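Note sheet for the following structure.
All heavy atoms count here, side chains included; hydrogens, waters and symmetry mates do not. What you see is a predicted model, and the numbers here were worked out from it, not measured in a lab. Letters go in sequence order (proteins before strands), and every chain restarts at 1.
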There are 2 protein chains.
Amino acid sequence: MPRPKSLTPEDLAAAALAVIDREGLPGLSMRAVAQELGMGTMSLYRYVSERTELEALVLDLVLSTVDIRPPESSWQNQIVALVERVRDAVARHPNVIPLTMAHRHRSPALLRWSESVLEVLSANGFTGARRVVALRCLIGYLIGAMQLEHLGPLSGTGTAVMAGRTEFPLLAETATAARSLGDEFHHGLAVVVRGLEGS
Amino acid sequence: MPRPKSLTPEDLAAAALAVIDREGLPGLSMRAVAQELGMGTMSLYRYVSERTELEALVLDLVLSTVDIRPPESSWQNQIVALVERVRDAVARHPNVIPLTMAHRHRSPALLRWSESVLEVLSANGFTGARRVVALRCLIGYLIGAMQLEHLGPLSGTGTAVMAGRTEFPLLAETATAARSLGDEFHHGLAVVVRGLEGS
DNA sequence: CCCTGTAGGCGTGCGCTGTACGCCTACGCC
DNA sequence: GGCGTAGGCGTACAGCGCACGCCTACAGGG
């Protein structure tokens with residue numbers, strides 16, 4: 001048995017995450033991560049076979065911190081809590097948001113989370129197609145809304161431009177209102193959960 | 001007045017879209033588009049200042065075909081129709097789906113569409129924060145769900161793997177059910193719209 | 001304690017990317 | 001017919017992911 005590995009996959013992911021946090025997602029390159037670790041670029045390929053795999057590792061690291069045990073409450077509140085925990089975890093590293101969509105299958109942490117959501121749904125009368133639709137709705141909203149608020153949220157700089165346009169009066173008005181609105185994610189999630197009740 | 005331009009922005013977008021349809025989004029490069037048009041790479045920069053701008057042009061071309069006039073029906077059906085028209089238009093060019101999120105502000109077609117959605121909402125009692133949340137929900141679901149079904153949908157090849165895992169029994173069962181489910185997008189959208197009713 | 005086989009670490013190089021810069025020339029107007 | 005504008009493009013550069021193959025640090029067996 002020769003030379004042991006000097007890095008765990010977590011070490012690798014942590015280094016990549018540090019780069020992403022510091023320089024943004026476009027700053028993530030194999031060379032940058034290698035430098036972060038003080039090793040040669042090609043050494044990384046002893047741990048991952050492609051760059052994509054490294055990205056998946058980063059996502060899983062971020063998501064591994066979320067508590068998947070639903071709180072004691074109504075099932076609606078349980079779902080809301082589970083979804084918002086993922087959002088909070090990801091919000092701590094906003095630059096990884098685009099990775100969420102791309103690598104969601106390959107993250108064991110997210111699979112565990114999904115299983116937990118399904119348990120809550122199942123225990124409250126959701127089965128078959130209705131449960132499939134419910135999970136898709138939640139994941140779709142979660143990831144869609146996170147991306148929305150990350151790169152050019154309705155309440156952001158991008159909308160300041162829209163607010164000035166007179167050709168889209170309602171859009172301008174909505175953009176203005178959005179800037180003073182607090183937690184859009186939470187309110188939207190409430191809408192989705194209410195929709196699930198009646199499905 | 002010297003030499004006139006030989007291309008319209010639409011020509012440029014159409015060429016880029018052809019490349020994307022044929023070779024996928026990673027196949028989109030300035031060189032590839034230039035070759036598609038039979039011109040030199042750098043000539044493209046007479047029409048766009050960056051690659052990003054070209055991508056936005058492509059998205060707008062795809063979305064420019066959607067009819068933004070709501071049908072005569074209940075406001076719920078009007079919303080559903082508007083959302084599904086965007087989905088249908090984008091589904092005709094699945095490879096552009098990732099561009100939807102990135103460039104949604106810069107597409108006049110999508111701005112016009114948003115304005116139309118807001119008109120329907122406004123005419124049916126949605127104002128202020130409630131209207132902001134409604135629009136965000138719809139766009140979030142639209143873009144999130146499109147991405148979900150595009151790259152590794154729940155009912156897809158990726159889920160065949162999950163269906164085999166015994167560590168996530170509910171996820172496996174759900175994945176199996178998903179493969180036989182017809183229009184997941186439609187059912188999910190119905191959930192969101194129902195949620196809006198009670199908001 | 002040395003020797004050996006395994007596998008970790010990495011230097012080089014290739015084909016690709018976006019795009020800055022500057023030249024050449026086709027063209028509409030006077 | 002000449003001119004000036006601006007379209008078209010060739011070259012070049014920095015950076016990317018990663019294939020390949022060498023060197024060597026190390027754990028185990030004699």
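Rounding to whole angstrom units, CZ of residue A/R31 and P of C/dG11 are separated by 12 Å. Put simply, CG on B/L25 is 11 Å from P on C/dG18, counting in whole angstrom units. In this entry the distance linking CZ of B/R3 with P of C/dC27 reads 6 Å, nearest Å. Between the CD atom of B/E53 and the P atom of C/dG18 there is a distance of 15 Å, given to the nearest Å. Atoms CE (A/M39) and P (C/dG11) sit 11 Å apart, rounded to a whole Å. For the pair A/Y45 OH and C/dT12 C1', the interatomic distance rounds to 15 Å; values are reported in whole Å.
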N/O donor to acceptor pairs below 3.5 angstrom from side-chain atoms of residues 32-42 of chain A, sequence neighbours left out:
from	atom 1	to	atom 2	distance (Å)
A/E36	OE1	A/R22	NH2	2.4
A/E36	OE2	A/R22	NH2	3.2

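Nucleic acid contact for A/M42: base, since at least one base atom lies under 4.0 Å from a heavy atom of the residue. Nucleic acid contact for B/R46: base, since at least one base atom lies under 4.0 Å from a heavy atom of the residue. Residue contacts for B/T41: at a heavy-atom cut-off of 4.0 Å it reaches a base atom on one of the strands shown.
You can see that DNA chain D meets the heavy atoms of chain B within a 4.0 Å-exclusive cut from D/dG4 to D/dA12, reading 5' to 3'.
Here the options are A/I20, A/V96, A/V19, the test is side chain to side chain contact (heavy atoms under 4.5 Å, CB included), and the partner is A/L25; only A/I20 passes.
Between A/F185 and A/Y141, the two ring planes are tilted [angle within 30° to 60°].
Of the two residues contacting DNA chain D, namely A/P26 and B/G40, the nearest-nucleotide position lying further toward the 5' end is that of B/G40.
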Stepwise side-chain contact (heavy atoms from CB on, under 4.5 Å) check, B/D21 with B/L17: CA-CA 6 Å; B/D21 282 341; B/L17 183 56; 3.8 Å; yes
What do the steps show when you test B/E53 against B/L57 for side-chain contact (heavy atoms from CB on, under 4.5 Å), and what is the final call? CA-CA 6 Å; B/E53 208 173 311; B/L57 241 40; 5.7 Å; no
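Using modelled atom types and a 3.5 Å distance limit, the side chains of A/S122 and A/R131 yield a donor-acceptor pair.
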